[in-house]
Amino acid sequence: MSNHKSRNISTAVDSWCLEWSMLGVDLPAESVYAGLLENYAQPHRAYHTLQHLEECFTLLSMVEARPHLAEISLALWFHDAIYDTRRFDNEARSADWIAEVAGQSGACSAVIVRLRGLIMATQHLAPAQSADAELMVDIDLAILGAPSHRFEEYEQQIRREYAWVPEHLYRQKRSELLRQFLDRPTLYSTAVFRARFEEPARRNLGRALQSLLAHP
């Protein structure tokens with residue numbers, strides 16, 4: 001990774017405007033930006049907040065320039081725009097939102113398809129289908145390889161988002177998910193993320209799994 005100081009990607013409105021400009025389309029209505037901020041501040045969220053977005057954008061700002069960088073940035077903006085732990089279609093609804101906004105702003109169908117695909121890749125149900133999707137997924141999963149104190153905070157935040165789930169059921173389902181990640185040959189698709197996060201992520205996941213299984 002190399003730090004591109006000329007592009008300070010963040011949740012600030014000037015960065016939001018720059019990404020749409022780089023995409024070569026009209027800036028969406030102010031209500032779209034305001035709506036995203038409002039959604040990421042919803043009280044039922046603890047991890048899927050602006051903190052998560054800022055961490056994603058910090059990683060993206062250090063990535064080498066690529067043709068569709070603005071698309072990845074905007075997809076990150078919307079990838080958790082809709083988030084309800086009681087539903088299973090959050091990514092699809094978030095993808096629908098960005099498709100609608102991008103279409104109204106004048107994006108062509110190819111761009112809209114790519115934006116939708118980037119968001120749907122964050123379901124983490126299948127291997128990413130493009131280099132851009134690989135980067136998108138790696139950024140989203142970088143939290144797994146965060147320093148131990150941040151990873152522990154992340155685990156606590158996720159538990160708060162699922163506060164409605166009984167403890168024994170939460171431990172069972174969370175253990176199954178963490179085991180699925182650990183069973184993967186690799187957690188990260190891109191070389192730079194694999195070098196930086198693979199080993200810390202496996203240590204974090206292993207400790208978290210032990211903790212979950214220690215209390216029946």
Exercise for the section: Mind listing the closest non-hydrogen atom pair of F151 and A208 along with its distance? Expected result: CE2-CB, 3.7 Å
Exercise for the section: Quickly, which of E152, Q51, H48 forms a side-chain hydrogen bond (donor to acceptor under 3.5 Å, both in side chains) with Q157? Name it, please. Expected result: Q51
Fill in the blank from the handout: For Y40, the side-chain hydrogen bond (donor to acceptor under 3.5 Å, both in side chains) test, sequence neighbours excluded, returns none
Exercise for the section: Taking the side chain as every heavy atom from C-beta outward, state whether Q172 and S175 have any atom pair closer than 4.5 Å. Expected result: no
Exercise for the section: Assign the ring pair W77 / Y33 to parallel, tilted or perpendicular, where the plane angle (0 to 90°) is split at 30° and 60°. Expected result: perpendicular
Fill in the blank from the handout: Applying side-chain hydrogen bond (donor to acceptor under 3.5 Å, both in side chains) to D84 and not counting sequence neighbours gives none
Completion exercise
Rounded to the nearest 0.5 angstrom, the CG-CD distance for L37 and Q42 is 11.5 Å
Handout entry: For R194, all residues meeting side-chain hydrogen bond (donor to acceptor under 3.5 Å, both in side chains), sequence neighbours excluded
Key = none
Exercise for the section: Take E153 and H149 through the test side-chain contact (heavy atoms from CB on, under 4.5 Å) and record every step on the way to the result. Expected result: CA-CA 6 Å; E153 179 188 39; H149 68 278; over 6 Å; no
Handout entry: Atom pair OG/CD1 of S73 and I139 - distance to nearest 0.5 Å
Key = 9.0 Å
Handout entry: Residue pair L205 / L187, side-chain heavy-atom distance below 4.5 Å
Key = yes
Exercise for the section: May I ask you to test the E155-R174 pair for a side-chain heavy-atom distance under 4.5 Å? Expected result: yes
Practice task
For atom CD of E30, decide whether the heavy atoms of other residues, nucleotides or ligands shown that lie under 6.0 angstrom number more than 12.
Solution key: no
Practice task
Measure the shortest side-chain to side-chain distance between E161 and Y83 over non-hydrogen atoms and say whether it is less than 4.5 angstrom.
Solution key: yes
Exercise for the section: Rounded to the nearest 0.5 Å, what's the gap from CD1 on I98 to CG on L74? Could you check? Expected result: 5.5 Å
Exercise for the section: Treat each ILVMFWY residue as a node, draw an edge where side-chain heavy atoms are under 4.5 Å apart, and state whether L169 and L209 are in one component. Expected result: yes
Problem - Any side-chain heavy-atom pair of S148 and N204 under 4.5 Å - result: yes
Practice task
Specify the closest pair of heavy atoms between E55 and Y47, including all atoms of both residues, with the distance to one decimal.
Solution key: OE1-CE1, 4.5 Å
Practice task
Determine the minimum heavy-atom distance between S94 and H79, stating which atoms define it.
Solution key: OG-O, 3.9 Å
Listing, residues 111-126 side-chain donor-acceptor contacts under 3.5 Å, not counting sequence neighbours, or none:
unit_1: R114; atom_1: NE; unit_2: E71; atom_2: OE1; d: 2.8
unit_1: R114; atom_1: NE; unit_2: E71; atom_2: OE2; d: 3.3
unit_1: R114; atom_1: NH2; unit_2: E71; atom_2: OE2; d: 2.8
unit_1: R116; atom_1: NH1; unit_2: D96; atom_2: OD1; d: 2.6
unit_1: R116; atom_1: NH2; unit_2: D96; atom_2: OD1; d: 3.3
unit_1: T122; atom_1: OG1; unit_2: I119; atom_2: O; d: 2.6
unit_1: H124; atom_1: NE2; unit_2: T122; atom_2: O; d: 3.1
unit_1: H124; atom_1: NE2; unit_2: D140; atom_2: OD2; d: 2.8

Handout entry: Donor-acceptor contact present, side-chain Q104 to main-chain P28, <3.5 Å
Key = no
Exercise for the section: Calculate, to the nearest 0.5 Å, the distance between atoms NE2 and OH belonging to H44 and Y162 respectively. Expected result: 10.0 Å
Problem - T58 versus S61, closest heavy-atom pair with distance - result: O-OG, 2.7 Å
Practice task
Kindly compute the distance separating CG (L69) from CG (L23), expressed to the nearest 0.5 Å.
Solution key: 11.5 Å
Handout entry: Worked verdict on E176 versus R179 for salt bridge (charged side-chain N to carboxylate O under 4.0 Å, His left out)
Key = CA-CA 5 Å; E176 291 173 359; R179 173 56 64 187; over 6 Å; no
Practice task
Please tell me if the side chains of R184 and Q180 come closer than 4.5 Å, counting only heavy atoms from C-beta onward.
Solution key: no
Problem - same_hphob_cluster(W164, I82) at 4.5 Å side-chain heavy-atom cutoff - result: yes
Problem - Check: S189 main-chain N/O paired with D138 side-chain donor or acceptor under 3.5 Å - result: yes
Problem - Pair S105-W20, side-chain donor/acceptor within less than 3.5 Å - result: no
Problem - Flag side-chain contact, heavy atom, 4.5 Å: F197 against L144 - result: no
Exercise for the section: Name all residues meeting the salt bridge (charged side-chain N to carboxylate O under 4.0 Å, His left out) criterion together with E199; count only those two or more places apart in sequence or in a different chain, and write none if there are none. Expected result: none
Problem - Atom of Y188, atom of L141 and distance for their closest heavy-atom approach - result: OH-O, 2.8 Å
Fill in the blank from the handout: Residues at least two apart in sequence or cross-chain that pass side-chain hydrogen bond (donor to acceptor under 3.5 Å, both in side chains) with D132, listed by chain then number, are R66, H68
Practice task
Give a yes or no on whether the backbone of A214 and the side-chain of R171 come within a donor-acceptor separation of less than 3.5 Å.
Solution key: no
Completion exercise
Note: A70 and E19 closest approach over all heavy atoms is CA-OE1, 3.4 Å
Handout entry: Side-chain heavy-atom pair R45, H52 within 4.5 angstrom cut-off
Key = no
Exercise for the section: Under the side-chain contact (heavy atoms from CB on, under 4.5 Å) rule, what do F193 and V137 come out as? Steps first, then yes or no, please. Expected result: CA-CA 10 Å; F193 276 77; V137 169; over 6 Å; no
Problem - Spacing of CZ belonging to R93 relative to CG belonging to N90, to within rounding of 0.5 Å - result: 6.5 Å
